[in-house]
Amino acid sequence: MTTAVITVDRVTKNFTNPSGAQLPVLSNVSLELRDGEIVALLGKSGSGKSTLLRIIAGLVRPSAGVARYRDSEISAPNDGTAMVFQTFALLPWLTVQQNVELGLRALGVPEPERTQRTMAAIDMIGLDGFENAYPKELSGGMRQRVGFARALVVQPEVLLMDEPFSALDVLTAENLRGQLIRLWAQSDFPTRTVLMVTHNIEEAVQLADRILVLDTNPGRIKGEIRIPLEHPRDTRGRHFLNIVDQAYRMLTDTAFDGDRSIAPTPATRPLPDASVDGMGGMLDLVAADGGRADLPKLAGDLRFELDDLMPLVDAATLLGLAVTTDADLELTLDGRNFAEADIDTAKRIFARLARTNAPLVAAIDHALSSAPNHRLHDGFFLDLLRRGFTEDAARRQLRIAVDWGRYGELYEYDAGEHLLTRDPLAA
Ligand code: ADP
Ligand code: MG
């Protein structure tokens, strides 16, 4: 039996926003990371993935529950882990070698061991020849190699990776991912246990032994997928594609989306960050495909990553323009009519659905209809939103609601005056 290196036991994390409201970010999350495992955390943006990694790294304390490394509670930066970030903050005035060496200096590793280990890490990750280069001389891919070398040089028991490939272009990411897989396959590779965050489903299925799917609002574990495939994996093989499909199904499964019997509010049902144009484009594609499209295929056709496609899918399903079943996106009757209608009819369908199904749009519409002169300052809505969202998220919610309401001609927005206005003649 393999033992747990990391145990996360019923961890909950709330952040307090400036207006004093408690924002739940992680709710009752439990997981175990066993010796030698590669586990991927897959979830939409905002599902608390980075927060969970920071808790395990000992950079953030949970509000409730406990995280353990081996048998001890993690209450300070965790020396058993090292982290690779999406964009690695390299010190621009240090060379590659000096950047990689930093972690060993912090640990007090003396010369000549320090140089020897640094050179070994640089060599392993394919940076030899670049020892004396400065970060600004390096491409994005080479910089991220420095990020990996800097994490691996301390030979952590557990490597934590927070979307390490997502800032790289597709080919560079593919290349680096492939090299890491080959490194892991070598038995002398010092770090055997990896927890990686990604929003790229194929990446998770390519690398991990297990995928944990997280859900949003608040972040919690929705399910687990085991991947019993040998490395290197055939990314076009039937098994591989089945698992990709399964992961899409789990991510889009709305059975977990909170209690449907409680009337949704702008805070419990946030608007996905999707423009009407983006949604319209996606629905057109699905309509052209006979009204039903396989999500992995749709993402591939659009060369989209999950973070780009999911808000569009979420928005379309929230509005009632589409439903997801078995990793397919299927247009509803309204969705078909919307995709095929002329612009005025499309706007009317959209307005009706937004008023029924998008709580923030409904709230704005309702408030404006009873306000004097049918106008309100946007600060009124921002104040309300700040009770349930961070400042950034509150502004984003308002921006989306303005975009949707404008398209449906429910209300107008004057950005200079910060005024929302409803056409008194609107139905
Ligand atoms: P993910 O990595 O899955 O996108 P994060 O863990 O970064 O998610 O964030 C989850 C939520 O927690 C987000 O809504 C984010 O705004 C919020 N959040 C993260 N860090 C803080 C913080 N220090 N203070 C307040 N809110 C935060
Ligand atoms: Mg993150």
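What you see is a predicted model; the values in this text were computed from it and never measured. Atoms within a ligand are numbered from 1 in the order they appear, just like the ligands themselves. We count residues from 1, following the sequence as given.
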Do any N/O atoms on [X] end up under 3.5 angstrom from N/O atoms on ligand 1?
{"X": "G48", "value": "yes"}
{"X": "K49", "value": "yes"}
{"X": "F15", "value": "no"}

Within-cutoff protein neighbour (heavy atom, under 4.0 Å) for atom 15 (C) of ligand 1: no
CD (E417) with more than 12 external heavy atoms under 6.0 Å: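 Atom CD in E417 is not crowded, with 12 or fewer foreign heavy atoms closer than 6.0 Å.
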Whether [X] lies under 4.0 Å from ligand 1, heavy atom:
{"X": "R54", "result": "no"}
{"X": "T390", "result": "yes"}
{"X": "A393", "result": "no"}

Per-atom contacts of ligand 1 with S45, taking only distances under 4.0 Å to non-hydrogen atoms: 4 (O)
Atoms in ligand 1 flagged as close to K44, the criterion being non-hydrogen separation under 4.0 Å: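 Under 4.0 Å from K44, ligand 1 has these atoms: 3 (O).
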Carboxylate-amine/guanidinium contact [X] [Y], below 4.0 Å:
{"X": "D392", "Y": "R395", "result": "no"}
{"X": "E202", "Y": "R233", "result": "no"}
{"X": "R422", "Y": "D365", "result": "yes"}

Per atom 11 (C) of ligand 1, closest listed option by heavy atom (L52, N17, V25):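 The option holding the nearest heavy atom is V25.
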Donor-acceptor pair between E163 and T198 side chains, under 3.5 angstrom: no
What protein heavy atom is closest to [atom], reported as residue, atom name and distance in Å?
{"atom": "atom 5 (P) of ligand 1", "result": "T51 OG1, 3.7 Å"}
{"atom": "atom 7 (O) of ligand 1", "result": "S50 CB, 3.7 Å"}
{"atom": "atom 13 (C) of ligand 1", "result": "G46 CA, 4.4 Å"}

Whether F338 and F350 hold their rings parallel, tilted or perpendicular, with breakpoints at 30° and 60°: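 Tilted: the ring planes of F338 and F350 meet at 30° to 60°.
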Going from [atom1] on [X] to [atom2] on [Y], what distance comes out if it is rounded to the nearest 0.5 angstrom?
{"X": "S166", "Y": "Q144", "atom1": "OG", "atom2": "CD", "value": "8.5 Å"}
{"X": "L207", "Y": "H231", "atom1": "CG", "atom2": "NE2", "value": "7.0 Å"}
{"X": "L31", "Y": "I56", "atom1": "CG", "atom2": "CD1", "value": "5.5 Å"}

Heteroatom N/O/S of S45 within less than 2.8 Å of the Mg ion (ligand 2): no
